[in-house]
Amino acid sequence: MVDVPVEICIKASSLQLPLTPQATDFNIQFLAVTPYHIECAMRRTSAVNPVTYDCLNTFIPTITTQIVSIRLSNKDTPRQIDSFFSSFSLKNFIRLKSLTLINVTSNETMNKILINLLFVKDLSHLSMIDSKFITNEIYEKVCKIIFVERYFKFLTNCQLSHYQLPSTTTSIPLCNIKQLTIRLHYFNDLVFLLDRCPQIQQLTAKICYKAFITEKKEIPAISSVSSLQYMNLYLGHHISFNKFEKLCEKVPNIKHLSCSVTHLSFTDGQRWENLIATCFLSLSDFHLLFQFGDPVPSHVNITNIIEKFQTRFWLDKNWYFICDYCPNTRTTLALYSIPYQSEDIAPLINTYITTSSLTMIYDKVEILFLKFSAMRHLNTQRIYPNVSTLVLLNEDDMGELMTIPFASTPFISDIGKIIVWENIRNLNYLCYNYELLMDVFKYATNITSLQLFFDYFKNTLNDENTLFINIKKLELINSDFEVTAIEKLSKLFLQLEYLAIEIEEDYALYTILPLLVTHVSNMSYLSIRIYSTEHWEQEIECWLTSNILFNNFYVDFDTCCLRLWCK
């Protein structure tokens with residue numbers, strides 16, 4: 001059997017077949033390795049020669065029994081998942097071993113998937129992540145299928161946006177999962193799940209804080225989980241070190257431990273030292289990120305915190321830490337190990353370190369938040385070589401936006417010392433300083449995505465400015481979009497393809513939407529957030545479908561957001 005690559009492009013909810021090996025959009029790639037082994041995986045390519053969707057309706061059914069992997073996402077191509085499963089049923093992919101669905105937003109589509117998922121018995125990888133607006137009832141069905149009824153006997157890798165079991169569930173059987181990524185509300189649910197996964201090797205779990213969550217029950221008694229070697233935890237501020245400590249006693253063979261936490265008890269270096277010395281004798285890789293968003297209590301001694309991470313125990317292992325502290329701000333205290341592991345960071349003013357090295361490289365950071373005021377200076381000894389998204393805020397120490405202009409030159413010079421201007425693709429400019437914005441665009445010539453305050457865009461930007469010629473994605477936030485801004489929009493952003501705006505009342509759609517579609521000629525995606533609705537959803541949908549201006553657009557509308565994208 002000769003390898004026969006066939007590419008099928010999914011763009012803007014429709015499926016297209018490229019006739020050339022180059023392409024710019026996301027593609028499903030089918031590779032025939034044997035008569036019964038075809039891989040289907042999303043990948044980014046460059047220029048597309050499309051054929052009709054009908055071609056795929058004919059083509060895919062001929063190979064469904066050969067496809068072993070499917071990966072679909074609504075993130076870059078809205079409603080892609082819905083379109084795919086409106087045409088094809090999972091039960092026909094009888095050899096499917098891997099299914100990845102990203103950003104499912106339709107309960108109807110999820111129900112359709114679940115009904116047919118039961119026919120795919122050989123799944124070894126199942127991923128349903130970043131899902132939104134899905135009901136708890138559906139999440140219960142998903143978890144029941146996986147953990148209680150165990151339809152997938154060969155499932156070893158599982159990723160879920162949400163863990164929810166029916167309240168009537170009293171026990172779940174042992175399962176064969178070896179890699180688990182999951183989001184939960186309750187710490188005890190995590191402990192219970194571990195007890196049911198005796199073969200688990202890698203765990204990533206996020207337990208978010210919710211105001212309605214109260215969990216005072218003792219941690220249930222479980223057996224030791226000796227197979228677990230990699231543990232990555234994100235713990236909300238309702239979870240203290242005490243609970244975490246009891247879990248650690250049951251996972252003795254951890255080699256990699258990463259914790260992102262918000263409870264103050266996790267800043268005690270002596271407790272960490274005792275825990276690692278007694279529970280994690282095999283630990284070779286340790287990462288800690290603590291961020292505290294409230295005013296630091298008066299009894300907390302910042303110097304004492306950092307001293308407890310400077311003992312011989314930490315120095316012998318070459319594990320070093322940084323403690324950033326800034327009084328009277330939203331994020332007042334940050335403690336983290338280096339090298340820094342998170343993809344985003346917002347540096348604070350006062351720095352305490354446990355290493356003698358003055359220059360630090362943050363090569364994992366892709367999103368950098370910088371706050372400016374006339375009194376603040378950047379730490380130019382921290383280098384962020386791979387930052388692609390720059391967020392600039394002009395806030396005072398109380399987190400309030402400042403509208404007083406300040407000199408741009410010293411800040412631009414300092415920014416150039418800590419980032420690579422050519423790497424910046426996305427700019428979120430949350431300032432009221434025209435000079436700084438112009439200077440950023442002069443140096444960061446590869447920016448294609450921009451976020452601005454709408455009133456700043458309306459009142460400040462010059463209609464004749466040519467610096468925004470390369471912007472393809474624009475988000476105007478924090479104010480009600482006005483019809484009078486459309487002409488300026490069309491003049492400043494000649495290559496605009498993606499636009500996101502906000503309106504206060506839904507009746508404004510009837511005026512704004514036709515003008516945007518008419519004047520912004522290259523626009524392929526439009527998102528309008530609506531804060532107040534008076535008209536029936538069906539009434540607006542009827543207007544959208546009957547207006548010939550929108551014939552070339554797919555429409556997705558709910559009570560708070562309207563999205564249009566080109567067919």
Side-chain angles (χ1 to χ4, degrees), residues 24 43-46 75-76 260 287 289 291 320-322 324 326 331 334 336-349 351 353 355-373 376-395 406-453 456 461 465-475 492-493 495-498:
T24 53
R43 71 185 188 87
R44 190 180 288 279
T45 56
S46 41
K75 275 193 171 179
D76 296 287
S260 179
H287 301 287
L289 173 59
Q291 291 178 307
Y320 301 108
F321 300 84
I322 291 179
D324 287 351
C326 183
T331 302
Y336 53 87
S337 55
I338 52 175
Y340 187 80
Q341 296 295 305
S342 182
E343 68 171 12
D344 59 79
I345 191 171
L348 300 176
I349 295 178
T351 301
I353 60 177
T355 173
S356 59
S357 175
L358 296 178
T359 301
M360 285 158 283
I361 308 297
Y362 292 72
D363 56 357
K364 298 286 180 63
V365 174
E366 298 177 8
I367 305 171
L368 178 62
F369 293 78
L370 296 178
K371 293 184 179 181
F372 295 98
S373 73
R376 187 165 298 182
H377 302 282
L378 293 181
N379 183 345
T380 55
Q381 292 179 325
R382 298 188 185 186
I383 312 301
Y384 311 90
N386 298 317
V387 166
S388 59
T389 297
L390 187 61
V391 184
L392 301 181
L393 304 95
N394 188 16
E395 292 184 348
F406 55 88
S408 167
T409 304
F411 290 111
I412 284 293
S413 176
D414 285 347
I415 294 175
K417 295 175 184 176
I418 64 176
I419 66 169
V420 179
W421 284 115
E422 291 79 6
N423 290 344
I424 304 301
R425 298 292 186 272
N426 314 298
L427 174 65
N428 295 4
Y429 191 76
L430 308 179
C431 301
Y432 287 90
N433 191 300
Y434 184 77
E435 181 188 354
L436 180 62
L437 177 62
M438 295 301 103
D439 284 343
V440 168
F441 268 90
K442 288 175 184 176
Y443 287 95
T445 56
N446 294 320
I447 294 176
T448 58
S449 174
L450 176 64
Q451 184 186 78
L452 286 173
F453 291 132
Y456 183 79
L461 296 192
N465 201 303
T466 59
L467 289 176
F468 308 115
I469 187 67
N470 294 323
I471 297 297
K472 295 184 177 181
K473 178 179 179 180
L474 176 66
E475 297 180 66
L492 280 176
F493 303 97
Q495 297 191 52
L496 192 62
E497 297 176 2
Y498 178 115

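All values derive from a computational prediction rather than experimental measurement. All residue numbers refer to positions in the sequence shown, counting from 1.
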S.K.: Is V365 close to N386 at the side-chain level, that is, under 4.5 Å between some pair of heavy atoms?
M.R.: no

S.K.: Might you confirm whether atom OH of Y434 has over 12 heavy atoms from other residues, nucleotides or ligands at distances under 6.0 Å?
M.R.: yes

S.K.: Evaluate the side chain to side chain contact (heavy atoms under 4.5 Å, CB included) criterion for residues F468 and L461: first the C-alpha distance (whole Å), next the side-chain angles of each, then the deciding distance (0.1 Å), finally the verdict.
M.R.: CA-CA 10 Å; F468 308 115; L461 296 192; 4.0 Å; yes

S.K.: Taking all atoms of both residues into account, what is the closest heavy-atom pair of L437 and Y429, and its distance?
M.R.: N-OH, 3.3 Å

S.K.: Backbone N or O of I469 within a donor-acceptor pair of the Q495 side chain at under 3.5 Å?
M.R.: yes

S.K.: May I have the step-by-step check of side chain to side chain contact (heavy atoms under 4.5 Å, CB included) for R382 and I322, ending in yes or no?
M.R.: CA-CA 12 Å; R382 298 188 185 186; I322 291 179; 3.6 Å; yes

S.K.: If you take all heavy atoms of Y443 and D439, which pair is closest and at what distance?
M.R.: CD1-O, 3.0 Å

S.K.: Report yes or no: does D324 contribute a side-chain atom to a donor-acceptor pair with the main-chain N or O of P347 at less than 3.5 Å?
M.R.: no

S.K.: For the residue pair D344 and F369, what are the closest heavy atoms and their distance?
M.R.: CB-CE1, 4.1 Å

S.K.: Fit a plane to each ring of Y384 and Y362, take the angle between them on a 0 to 90° scale, and name the class: parallel (under 30°), tilted (30 to 60°) or perpendicular (over 60°).
M.R.: tilted

S.K.: For Y432 and F453, take the angle between the two ring planes, folded into 0 to 90°, and tell me which bin it lands in: parallel under 30, tilted 30 to 60, perpendicular over 60.
M.R.: parallel

S.K.: Could you go step by step and tell me if N428 and I367 meet the side chain to side chain contact (heavy atoms under 4.5 Å, CB included) rule?
M.R.: CA-CA 10 Å; N428 295 4; I367 305 171; over 6 Å; no

S.K.: Search all heavy atoms of L392 against all heavy atoms of I415 and return the closest pair with its distance.
M.R.: CD2-CD1, 4.4 Å

S.K.: State whether a side-chain donor-acceptor pair under 3.5 Å links Q341 with K364.
M.R.: yes

S.K.: Return all side-chain donor-acceptor pairs below 3.5 angstrom for residues 419-427, not counting sequence neighbours, or 'none' if the list is empty.
M.R.:
from: N423; atom 1: ND2; to: P385; atom 2: O; distance (Å): 2.8
from: R425; atom 1: NH1; to: E422; atom 2: O; distance (Å): 2.6
from: N426; atom 1: ND2; to: T389; atom 2: OG1; distance (Å): 2.9

S.K.: Which heavy atom of P339 sits nearest to which heavy atom of H287, and what is that distance?
M.R.: O-ND1, 4.0 Å

S.K.: Please give me the minimum heavy-atom distance between L467 and F441, naming the atom from each residue.
M.R.: O-CD2, 3.6 Å

